[in-house]
Every structure is written in C-alpha cells, then in structure tokens.
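One structure below.
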Amino acid sequence: MIYVLLAAVPILVVFLLLVVMRFSAKLAMLAAYIATVLIALSVWGQSAGTVAAATVNGIVTALTLLFIIFGAILVVQTVQESGAIRAIRRGFTDLSPDRRIQTIIIAWLFGCMIEGASGFGTPAAVAAPLLVAIGFPAMAAVLVTLIIQSVPVSFGAVGTPMLVGVQTGLSGSPAVEQAIAPTSIFDYMVEVAAHVALLHTLVGFVIPLLMVGMLTRFFGANRSFMEGFRVWKFALFAGFAFTLPYLLVGWFLGPEFPSLLGGLIGLLIVVPAARRGFLLPSDTFDFPPRTSANEHWFGTVEPEADDATRDSAGDISLVHAWSPYILIALLLVATRIIAPVKAALTSPEATIVLNDIFGSGINASAQLLYSPGAILILASLLSVFIYRMRPAAYGRVWVASAKTMVAAAPALLLAVPMVQVFLNTGRGPMESMPIVLAQGFSNLAGAAWPLFAPLVGALGAFIAGSNTISNMMFSLFQFSTAEQIGLTAGWGAMMVVVLQAVGGAAGNMICVHNVVAASAVVGLTDREGEVIRMTLIPMAYYVVQAGLIGMAFIYSGWWAIGAVLWLLLVVGAMSRNKGHVSSQGSTAPAE
C-alpha cells in the first residue's frame with residue numbers, strides 16, 4: 001500500500017498546489033517534477049540517465065505543443081489584424097447574438113469536427129481564440145472548449161486513441177489473444193470502438209446543455225445555471241445532431257471518422273436550423289460589461305473593438321473572413337486521410353528523432369510538418385494574400401503571437417517532463433507508477449471495478465495529457481482486471497476496456513497539458529487551477545455516468561436507474577445552485 005501512496009504523490013502535489021492552493025501552473029508543476037524525480041530515483045530505483053532521458057523526451061514533446069500554440073495564436077491574430085473578425089462577428093450576430101447559441105455552434109460542433117480531424121488539443125487551440133475574438137472572456141472560452149474535449153476525443157485525430165491506443169495496449173499479450181480467439185486484435189478493437197461510440201452517446205448527449213449551464217453560472221451577471229438551461233431544447237437538439245451521426249459512423253464504418261463526420265453533419269443540421277430560429281430561446285444571454293466583470297476572466301488576447309481600424313480595406317464577406325478556418329479544416333482532413341500525403345509528412349526524412357537518449361532506451365521524436373502547428377502557420381501565411389495584408393501589419397501579428405507563446409512556455413516545459421518521468425518509472429524492478437496506482441484502485445474496488453474503470457482512464461489522461469497514451473497504458477490492465485474479478489473474456493472484459501477509453505476521453509477536460517495550452521492561446525496565464533476546478537464538475541458527471549451505465553451493461557439493467565438518477569441529481573443540483581461572487585471577485589459555488 002505504501003507504494004500506491006507514493007505513486008499518488010505527484011498527482012496529489014499537482015492537485016493540492018494547482019487546484020486547492022491556487023498556485024500558478026509553472027510553480028505547481030515544478031514542485032511536482034521535483035517530487036516525481038526524487039521518488040523515481042529513491043523508491044522506484046531509476047537511474048539518473050533514465051530520468052534525464054525522460055526529461056529530454058518531455059521537453060521535445062512540450063516544444064511540439066508550443067509549436068501548435070504558436071500556430072493557433074498566429075491564426076487568430078491574423079484574422080484580427082486583417083479586420084476579418086468583424087465579418088465573423090457579424091455572421092454570428094446575424095445567426096444569433098446569444099452567447100449560449102454561439103458556444104454550442106463554435107465549441108461543440110466546430111470543436112468536435114476539429115477534434116475528429118486533428119486531436120491533440122487542437123479544438124481549444126482553434127476555437128478558444130476564435131471565441132475570444134468575437135467577445136468571450138478568455139476564461140469562458142477556455143472552459144467551454146475544454147468541456148467538449150470529452151465525447152469526440154476517443155475518435156480524435158482520425159481514430160488515433162482507438163487505432164493506436166487500444167490496439168497497441170492490447171497487442172502482444174498471449175492472454176488477450178487466447179481469450180478473444182478466433183477474433184483478431186484489430187477486429188476486437190473495432191468492436192470496442194463501436195461500443196465506445198454507444199457509451200459516449202448515452203453519456204455525452206447532454207454535454208452542450210451542461211456546457212452552457214457552466215457558461216452562465218460562472219460568467220453571467222446572474223451567476224445562474226438556469227440561465228444556461230433555458231436553451232435546453234436547442235442544446236439537446238445540437239447534442240443529438242452530433243451524437244447520433246457519430247454513433248452510426250462509429251458502429252458501421254469504424255473508428256476513423258465518428259467525430260469528424262459527426263461534427264460536420266451536426267454543423268450542416270444545426271446552423272441552418274439556428275438561422276431559421278428553430279428551438280431558439282425567447283431571451284438572449286450576453287456577458288456583463290467588462291467594467292462590472294471579473295478581470296481574472298480576461299487574458300492578454302483582446303477582442304477587436306467594432307469600430308477598430310485594421311489593415312483590411314473595406315468590408316470582407318463572411319466566406320472570405322472564414323477562409324483561414326475553412327483552409328485549416330480542409331488541410332487537417334487531407335493530411336490525415338490522403339495516404340500519400342500522410343506518408344510524406346510522417347516519413348523518416350520528415351521526422352526529427354533522438355534515439356536511445358543517454359543509453360536509456362528512451363526515444364524522442366517530432367513530426368513538425370505533420371503537426372497541426374504547421375497547418376496553422378501555413379493558413380496564417382496564406383491569409384496574408386487572402387486578406388491582402390501589408391507586411392508591417394503581419395509583422396505585428398508575429399510579435400504578438402511570439403509574446404503570448406513565450407508566456408505559456410515555462411508551465412509546459414515543466415509539466416510534460418514531469419509526466420514523462422512518471423510514465424517511465426517502469427524501467428526497473430517495479431511496475432511504473434501509474435500501473436501501481438491503478439492496481440491499488442482495483443484491489444479496493446473488487447467486483448465493483450467497472451464503476452471505477454472510467455476514473456482510471458481519466459486519471460491516465462490527466463497524468464499523460466492524452467487519451468491515446470492512457471489507453472496504451474491501461475487497456476491491458478483493464479482487460480486483466482476484468483478477468484480477475486470473474487467477468488467473461490467476451491462481453492464483460494470488453495466493456496471494461498470500453499469504460500477505460502471513455503474515461504480517458506473525459507480526463508482530457510482536466511488534463512494539465514490541455515488546460516495550459518488552451519489558456520496560452522488566449523493569453524490567460526496563472527489561472528489554470530481555477531479552470532480545472534470548474535471542469536471537474538462535468539468531468540465528474542462523465543466518469544460516474546459512464547461507470548453506472550457500464551455496470552448496467554455488465555451486471556444488471558437496474559444500474560440504469562442509477563444512471564438516470566445521477567443525471568437528474570447533477571442537473572437538479574446545478575439548477576438549485578445560485579452561487580455567489582467571492583471577496584476576490586472570482587466566481588465560487590454556493591456554500
């Protein structure tokens with residue numbers, strides 16, 4: 001048990017300093033990194049070379065994340081400097097001036113589509129600054145774009161968490177191959193993916209509703225969940241407009257395109273409906289004036305004033321204004337599904353590789369041309385010609401983008417190396433720290449393990465910053481645990497693996513990497529703990545609801561009653577919570 005407690009120390013340090021004590025991410029992650037290194041060296045018996053190599057790998061990964069952040073900031077700064085943002089703002093105002101409706105369309109539908117194409121936190125990098133540019137407070141934009149990184153994540157980056165995460169996690173195990181025979185690992189993964197889509201649909205169709213409730217509760221003048229829930233008809237309509245196509249694609253076509261096609265089909269359904277006023281509320285929600293709002297909500301990236309004079313001459317059409325984002329979506333899809341293009345961008349010649357760092361067996365690599373960052377930068381460069389910008393104006397774009405990226409660098413350059421040291425502690429006589437932690441949980445849970453399986457998946461994503469890595473780490477562990485508690489190797493064990501994948505997706509809402517990256521693209525620094533405290537609410541709903549539905553599938557339909565009651569409890573508690581404004585001016589839940 002002592003090893004389980006020691007394995008939990010890095011996570012507890014992050015939670016205590018970042019979420020409870022409200023330290024900045026860079027200070028919290030520095031303390032967590034030091035704690036992880038000391039435990040890895042003294043208790044897990046890792047060599048200094050292994051720790052150093054894992055740190056280098058983390059730095060390489062952090063730099064690739066900063067590359068994406070820089071590209072995202074560059075795009076939004078380009079759109080603002082050109083004046084095109086005025087046309088985008090007018091387009092949304094004409095569609096609906098209601099911030100709740102704008103949130104559902106941009107964060108939920110557009111964000112899910114971008115997640116399906118690219119993954120790796122790109123929805124927040126693209127959608128959050130766009131929301132800020134049309135007038136959202138930076139923290140509100142970060143919150144809603146993190147909340148949607150749940151339902152589509154299992155099929156993000158054209159199915160990578162399934163195709164790479166689950167398949168790799170289960171491959172090479174004779175016990176798994178024997179248990180599922182004559183089914184191949186690939187076919188088994190496809191069946192897992194179909195049930196992942198089903199479970200996400202059953203849990204996630206209410207995410208747009210919870211998202212707008214969170215928006216109005218924490219960023220509305222009335223601090224009320226109910227103000228968001230007034231759009232319940234439109235929110236559920238948009239929820240099903242994504243999840244039903246998503247489910248059908250996942251069930252019949254496989255794991256590559258559920259999120260991508262679900263988001264696209266959802267946009268094609270919901271945007272025309274909103275234009276015709278279908279299910280729109282009679283009231284309109286907007287944020288309070290900045291003079292009466294909390295200054296902590298805002299970052300260094302500012303929305304352009306309506307009367308601002310920028311580089312653009314004359315009015316820009318809506319399609320013209322949206323050109324960079326259309327280009328980004330097309331390029332993301334093309335580079336992921338056109339085999340020769342993908343092969344060229346991911347070839348050894350296009351990959352930077354550090355092999356066997358310090359003789360540890362740890363490798364680091366970066367595929368910058370395949371990175372969403374390269375596409376974002378290319379879209380920004382092409383926008384100079386699309387918008388006919390002057391060189392001086394575009395120079396201002398690069399300077400502003402670089403300053404914002406530099407502000408985000410310290411937190412990521414500490415957080416990612418900490419994670420890599422944590423993950424690589426299995427290169428010795430003991431299992432790695434995350435596996436020891438998961439084994440401790442499973443020993444306590446016993447036959448009720450499926451109820452807790454999503455939490456382990458979420459914990460893996462919180463630690464690693466990736467649903468794919470969480471699935472790679474824990475899929476085999478989840479399968480083996482299911483067999484140990486007497487579940488059959490067929491249905492029962494498979495459902496536990498499904499719960500792992502769904503929980504891993506939900507963990508992206510609170511993962512430090514995503515929070516830091518999403519905050520960085522809107523210039524919001526040292527507020528990461530506040531964001532995580534808010535996103536813990538929808539994340540808790542997600543993992544508990546998934547566990548209850550999983551128990552219903554595995555053991556008895558009576559557990560479905562628990563799932564219904566849990567949903568009603570969450571919505572009811574939010575409806576009754578009026579909240580208050582703390583003495584520091586930040587929002588806080590009612591006591």
Side-chain angles (χ1 to χ4, degrees), residues 91-117 123-124 126-128 130-131 134 136 140-141 143-156 197-198 200-217 225-250 258-286 325 329 505-506 509 538 541-542 545 567 570-571 574:
F92 278 110
T93 302
D94 293 343
L95 185 65
S96 173
D98 194 318
R99 300 300 193 179
R100 297 166 297 188
I101 305 304
Q102 294 172 1
T103 298
I104 290 170
I105 292 172
I106 296 177
W108 171 244
L109 295 171
F110 182 62
C112 286
M113 185 184 74
I114 294 297
E115 174 66 30
V126 173
L130 178 57
L131 289 169
I134 65 172
F136 279 59
L143 174 66
V144 297
T145 51
L146 285 172
I147 289 174
I148 71 98
Q149 292 196 59
S150 48
V151 190
V153 167
S154 289
F155 303 102
L198 174 61
H200 270 308
T201 298
L202 295 174
V203 179
F205 73 94
V206 296
I207 283 296
L209 180 63
L210 299 183
M211 178 178 64
V212 293
M214 296 284 292
L215 181 76
T216 58
R217 163 60 183 86
F225 283 112
M226 283 304 297
E227 198 166 9
F229 289 169
R230 288 184 194 133
V231 301
W232 67 273
K233 294 179 183 178
F234 186 85
L236 293 180
F237 166 62
F240 285 117
F242 169 77
T243 55
L244 291 181
Y246 163 96
L247 172 59
L248 293 173
V249 172
S259 297
L260 178 61
L261 292 181
L264 178 60
I265 293 169
L267 281 169
L268 294 175
I269 293 171
V270 173
V271 170
R275 197 176 300 281
R276 290 171 173 78
F278 181 66
L279 299 180
L280 294 187
S282 57
D283 65 318
T284 299
F285 168 78
D286 201 354
Y325 294 103
M509 287 190 263
Y541 156 74
Y542 217 97
Q545 187 74 336
L567 175 59
V570 170
V571 173
M574 295 171 79

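All values derive from a computational prediction rather than experimental measurement.
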- Task: Classify the ring geometry between Phe225 and Phe229 as parallel (under 30°), tilted (30 to 60°) or perpendicular (over 60°).
- Result: parallel
- Query: Given side chains that start at C-beta, do those of Leu567 and Tyr541 come closer than 4.5 Å, heavy atoms only?
  - Reply: yes
- Query: How would you list, by chain and number, every residue that makes a side-chain hydrogen bond (donor to acceptor under 3.5 Å, both in side chains) with Gln545, sequence neighbours excluded?
  - Reply: none
- Can you measure from CD1 (Ile207) to OG (Ser150) and round to the nearest 0.5 angstrom? 4.5 Å
- Contacts of Ala128 meeting side chain to side chain contact (heavy atoms under 4.5 Å, CB included) (sequence neighbours excluded), chain-then-number -> Ala141, Thr145, Val521, Val522
- Indicate the atoms forming the closest heavy-atom contact of Leu109 with Ala238, along with that distance. CD2-O, 4.1 Å
Side-chain donor-acceptor pairs under 3.5 Å in residues 259-279, sequence neighbours left out?
| unit_1 | atom_1 | unit_2 | atom_2 | d |
| --- | --- | --- | --- | --- |
| Ser259 | OG | Pro152 | O | 2.7 |
| Arg276 | NH1 | Pro272 | O | 3.3 |

- Query: side chain to side chain contact (heavy atoms under 4.5 Å, CB included) with Leu202: which residues, sequence neighbours excluded?
  - Reply: Leu198, Ile549, Phe553
- Apply side chain to side chain contact (heavy atoms under 4.5 Å, CB included) to Ala505 and list each qualifying residue two or more places apart in sequence or on a separate chain. Val153, Ser154, His200, Asn467
- Note on the structure: Across all chains, not counting sequence neighbours, the salt bridge (Lys or Arg N to Asp or Glu O under 4.0 Å) partners of Asp283 are Arg100, Arg230
- Query: Where do Cys112 and Phe242 come nearest, in terms of heavy atoms and distance?
  - Reply: CB-CE1, 3.6 Å
- Message: Give me the atom names and distance for the closest heavy-atom approach of Met211 to Trp108.
- Response: CE-CB, 3.9 Å
